[in-house]
Structure formats: C-alpha cells, structure tokens
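Since the structure comes first, as structure tokens, the remarks are kept for the end.
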Amino acid sequence: DAKTTQPNSMESNEEEPVHLPCNHSTISGTDYIHWYRQLPSQGPEYVIHGLTSNVNNRMASLAIAEDRKSSTLILHRATLRDAAVYYCILGNSGGSNYKLTFGKGTLLTVNP
Amino acid sequence: DTAVSQTPKYLVTQMGNDKSIKCEQNLGHDTMYWYKQDSKKFLKIMFSYNNKELIINETVPNRFSPKSPDKAHLNLHINSLELGDSAVYFCASSQRRGGETQYFGPGTRLLVL
C-alpha cells in the first residue's frame, strides 16, 4: 500500500483557516487521496476525496499538488468541533478488495 | 435514524468468555467492514463482507468469526477472549465493494479483564 506522511499534531485558533498537509510521494496514477477524521470517542468520518483536481465540499477543500505527491486539506474556518485526528489515506477506487489503511494521522487542536 | 449502529456500546468481560458484537446499517449498502482500534489508536481492518460474502479477511486469530445474516447486518463473534482483545471495534459500510466512502458506527469499547 502506498504510504502517506502527516505531521503528528497541529494547532489552530477558532475561526481561522487550517491547512493540514499530507505527503504521498509513492502515489500511483490511479490512487485517490482520501481524508477522514475521527472526533474524540467517535468513529471515523468521511471528509473529502480527490484524484487530480482540487475538490470542495461543505466540510472542506482538498488541494492536490500538480505532481500529486502531496495534498492539503483546508478547513476554511476552524471551529471547536473540528478538533479531531485527521487521516490522509490513499486508495484505488473501484478495486474489488479496496480497503482503507489508516496511519497515525494529525491531531488537530482548535483553541477558542 | 442512525446510519450505522452497533450494540453494545460498552462490553466488559472476563478472559476466556465468548462475546458477540452486532452491527446494522440502514443505508442500503452492499459492503460492510469490521475495524479494530487498539490502545495506541491505530485503526486496522479485520474483515469485509459484500452481499453476505467474505471478501477481506486480514490476519486475525480464528477466535474472531464474522457472520452476515443479510447485507444490512454484520456481527462479530469472539471466542475465548484474551486481554489483548481489549480495544474499540468499529463497524463500517460502503455502497459497493471497493467503495472508498465508508460510513462508520460509533464503536464498541471492549474491555477484557
């Protein structure tokens, strides 16, 4: 499985933007980039995913480097509820035995 | 209505006992999964079923046996519980086999004494 590298932790202030980086230098051409997050004492929650183009949804934006070896999850205005562990995961969408392989993720702390 | 539900939420039991965890999804998805999150917070897949057929079976002791009576349910039975089985077990589902968007349940916190 292609691996991702994320900072162990990051800190932000409420209502400020947050940029969570992820390096995936061994990504293959068909790998999608997925982001999940896990709030305290809850199950993981899907955030966003993309292949090559930048993606936006109601939760976040995903900026993908042109060479696809890195990506950034952008939370436009952090709230206290966004404090969680954020996981960047690579996967080949549509593969019959596709599975999510979670790493350590980035623990995001949001200060009031 | 909860999309993916698990019961029980907490489970405290003695070593050597047999226990089951139940999972149900009301999303109409074809594929369901079991994950284990240990004390170091690593989340690892254990099993995956697609329309009641086992499609992913990671290196898990034989004491763990998943059962899928229908595609909306995936239960996990654990025989002869050991201390190392203490963890949080998450059920998840996805629309199709190979679907990358997975929906997770709230978890079952298992403590083996």
Side-chain angles (χ1 to χ4, degrees), chain A residues 1-4 6-9 24 27-28 30-52 55 57-60 62 64 71 73 83-109, chain B residues 2-7 9-10 21 23-25 27 29-51 53-60 74 87-111:
Chain A
D1 293 336
K3 293 187 176 179
T4 62
Q6 300 177 251
N8 287 335
S9 62
H24 29 78
I27 190 171
S28 72
T30 54
D31 280 342
Y32 278 72
I33 302 158
H34 310 278
W35 284 83
Y36 279 73
R37 71 180 184 182
Q38 187 173 18
L39 278 65
S41 300
Q42 294 190 28
E45 175 186 30
Y46 168 81
V47 178
I48 201 167
H49 76 283
L51 183 62
T52 56
V55 184
N57 66 20
R58 64 175 180 81
M59 289 181 70
L62 176 59
I64 302 172
S71 60
L73 180 70
V85 177
Y86 286 78
Y87 298 98
C88 171
I89 303 164
L90 300 184
N92 192 324
S93 179
S96 61
N97 288 331
Y98 178 87
K99 58 187 178 183
L100 296 178
T101 302
F102 288 80
K104 294 182 180 179
T106 297
L107 175 63
L108 175 66
T109 301
Chain B
T2 304
V4 181
S5 58
Q6 296 178 227
T7 54
K9 189 172 182 180
Y10 298 97
I21 307 171
C23 178
E24 176 182 1
Q25 54 94 3
L27 298 167
H29 288 170
D30 285 346
T31 310
M32 297 184 71
Y33 311 80
W34 276 112
Y35 288 83
K36 177 181 179 181
Q37 187 166 43
D38 59 24
S39 57
K40 295 182 179 178
K41 303 297 184 183
F42 283 111
L43 195 64
K44 294 182 180 178
I45 190 167
M46 300 172 71
F47 303 103
S48 176
Y49 270 74
N50 183 69
N51 278 325
E53 175 192 358
L54 180 67
I55 57 172
I56 294 177
N57 185 353
E58 294 295 285
T59 307
V60 177
L74 180 60
V88 184
Y89 292 85
F90 289 100
C91 176
S93 73
S94 63
Q95 188 169 11
R96 57 182 172 84
R97 179 176 181 163
E100 71 281 0
T101 303
Q102 295 185 14
Y103 297 82
F104 285 78
T108 295
R109 285 143 187 84
L110 171 65
L111 178 60

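From a predicted model like this one, the values you see are computed outputs, not experimental measurements. Just so it is clear: chains get the letters A, B, ... in the order the sequence lines come, proteins before strands, and each one is counted from 1.
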Residues which pass side-chain hydrogen bond (donor to acceptor under 3.5 Å, both in side chains) with A/Y87, listed by chain and number, not counting sequence neighbours: A/Q38
message: Using side-chain heavy atoms (C-beta onward) and a distance below 4.5 Å, is B/Y89 in contact with B/C23?
response: no
query: B/K40, B/Q6, B/Q37: which one forms the most heavy-atom pairs within less than 4.5 Å of chain A?
result: B/Q37
Heavy-atom contact with chain A under 4.5 Å, split by part of B/L43: both
- request: Measure distances from B/Y35 to the heavy atoms of chain A and classify the residue's part below 4.5 Å as side chain, backbone, both or neither.
  value: side chain
A/T106 side chain to A/P7 backbone, donor-acceptor under 3.5 Å: yes
- line: Greatest number of non-hydrogen atom pairs under 4.5 angstrom with chain B, of A/G103, A/P44, A/G105, A/G43, falls to A/P44
task: Return the set of residues passing side-chain hydrogen bond (donor to acceptor under 3.5 Å, both in side chains) with B/E58 (not counting sequence neighbours), or none when no residue passes.
output: A/K99
